[in-house]
*Asks:* 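Okay, handing you the structure first.
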Amino acid sequence: MNNKKYQVFISSTYKVETDKSKIEKLKMFRTKAMTNRLASIWATPEDLTGKLAISIMKARTEIKRPGWQRAVDFDKTSLRREIMELKNENKKLADDLKAAREEIFFDRRNRYCI
């Protein structure tokens with residue numbers, strides 16, 4: 001089983017269902033969907049909006065996952081240094097690529113001139 005966390009929002013109203021086996025399957029599904037998850041039951045669209053907002057805030061604190069970090073959590077000097085290193089590496093790779101293309105072009109040209 002995966003370690004992903006899910007948020008479940010279930011409507012408090014049931015669609016009209018007359019088949020008893022379908023009603024039972026729906027109840028079993030709802031029970032399973034709400035087990036071991038952040039789950040909420042909602043009645044109106046406004047209620048869903050509120051519960052969704054609260055659930056997202058809870059999930060951010062309760063579910064520990066890598067993700068965005070505030071910019072204030074970084075050392076500006078090390079970030080600038082890393083950016084400069086990446087710029088230099090990018091320039092070197094671009095120069096190497098240009099030289100390789102010129103060499104290929106030159107080789108092709110000389111091959112046809114012989």
Side-chain angles (χ1 to χ4, degrees):
M1 187 169 169
N2 63 26
N3 292 330
K4 292 182 180 177
K5 304 289 183 183
Y6 298 94
Q7 295 182 355
V8 178
F9 300 92
I10 296 180
S11 174
S12 62
T13 59
Y14 285 93
K15 299 248 181 209
V16 178
E17 189 61 67
T18 56
D19 185 347
K20 289 195 182 262
S21 66
K22 288 183 180 179
I23 292 171
E24 194 56 40
K25 285 181 182 179
L26 179 59
K27 284 181 183 179
M28 288 172 37
F29 172 77
R30 285 173 64 125
T31 301
K32 183 178 179 180
M34 293 185 69
T35 303
N36 296 325
R37 291 181 173 89
L38 295 171
S40 297
I41 297 175
W42 58 276
T44 66
E46 294 78 19
D47 188 26
L48 175 60
T49 303
K51 291 187 185 245
L52 180 61
I54 291 169
S55 182
I56 290 171
M57 288 186 287
K58 274 186 180 179
R60 290 181 70 191
T61 58
E62 293 177 12
I63 300 172
K64 301 297 179 197
R65 295 184 66 188
W68 290 99
Q69 293 181 335
R70 294 191 177 272
V72 295
D73 294 342
F74 293 103
D75 176 28
K76 288 181 183 180
T77 305
S78 65
L79 284 176
R80 285 187 181 124
R81 186 179 316 116
E82 185 176 356
I83 289 169
M84 289 306 298
E85 289 170 3
L86 290 170
K87 277 184 170 182
N88 291 336
E89 181 181 357
N90 189 18
K91 184 177 179 345
K92 182 188 179 313
L93 292 171
D95 291 344
D96 291 349
L97 179 61
K98 181 180 177 185
R101 284 182 175 158
E102 288 173 354
E103 184 178 332
I104 291 170
F105 177 74
F106 181 74
D107 286 348
R108 283 184 182 164
R109 219 167 106 194
N110 282 341
R111 194 174 308 149
Y112 296 121
C113 292
I114 297 175

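In what follows, every heavy atom counts, from backbone to side chain, and hydrogens, waters and symmetry copies are set aside. One is the number of the first residue; the rest follow in order along the sequence. These figures come from a predicted structure and were not determined experimentally.
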*Asks:* Any chance you could measure E102, atom CD, to I104, atom CD1, to the nearest 0.5 Å?
*Replies:*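 Here the interatomic distance stands at 11.0 Å.
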*Asks:* Applying side chain to side chain contact (heavy atoms under 4.5 Å, CB included), can you list everything that pairs with L86, at least two apart in sequence or on another chain?
*Replies:*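 In terms of side chain to side chain contact (heavy atoms under 4.5 Å, CB included), with neighbours along the sequence ignored, L86 is linked to E82, E89.
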*Asks:* Please name all residues satisfying side-chain hydrogen bond (donor to acceptor under 3.5 Å, both in side chains) with N90, sequence neighbours left out, ordered by chain then number.
*Replies:*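 Not a single residue meets the side-chain hydrogen bond (donor to acceptor under 3.5 Å, both in side chains) criterion with N90.
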*Asks:* Return the set of residues passing side-chain hydrogen bond (donor to acceptor under 3.5 Å, both in side chains) with K98 (not counting sequence neighbours), or none when no residue passes.
*Replies:*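 Listed in chain order: nothing, the list is empty.
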*Asks:* Output side-chain donor-acceptor pairs under 3.5 Å for residues 46-53, partner residues at least two apart or in another chain, one line each.
*Replies:*
from : atom 1 : to  : atom 2 : distance (Å)
D47  : OD2    : A43 : N      : 3.1
T49  : OG1    : P45 : O      : 2.9
K51  : NZ     : I41 : O      : 3.2

*Asks:* Kindly write out the residues that satisfy salt bridge (charged side-chain N to carboxylate O under 4.0 Å, His left out) with K92, not counting sequence neighbours, or none if the list is empty.
*Replies:*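 Partners of K92 by the salt bridge (charged side-chain N to carboxylate O under 4.0 Å, His left out) criterion, ordered by chain and then number, come out as D96.
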*Asks:* By side-chain hydrogen bond (donor to acceptor under 3.5 Å, both in side chains), which residues pair with T77, not counting sequence neighbours?
*Replies:*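 Scan of T77 (side-chain hydrogen bond (donor to acceptor under 3.5 Å, both in side chains), adjacent residues dropped) gives none.
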*Asks:* Per the side-chain contact (heavy atoms from CB on, under 4.5 Å) rule, which among E24, R30, K32, K25 passes with M28?
*Replies:*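 Result: among E24, R30, K32, K25, E24 is the only option passing the side-chain contact (heavy atoms from CB on, under 4.5 Å) with M28.
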*Asks:* In the hydrophobic clustering (ILVMFWY, side-chain contacts below 4.5 Å, transitive), which residues join M57, or is it alone?
*Replies:*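 For the cluster that includes M57, the remaining residues are I54.
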*Asks:* Just to verify, what does K87 make a salt bridge (charged side-chain N to carboxylate O under 4.0 Å, His left out) with, not counting sequence neighbours?
*Replies:*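 Partners of K87 by the salt bridge (charged side-chain N to carboxylate O under 4.0 Å, His left out) criterion come out as none, since no residue qualifies.
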*Asks:* Please list, chain by chain and in numerical order, all residues satisfying side chain to side chain contact (heavy atoms under 4.5 Å, CB included) with S21, sequence neighbours excluded.
*Replies:*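 Scan of S21 (side chain to side chain contact (heavy atoms under 4.5 Å, CB included), adjacent residues dropped) gives D19.
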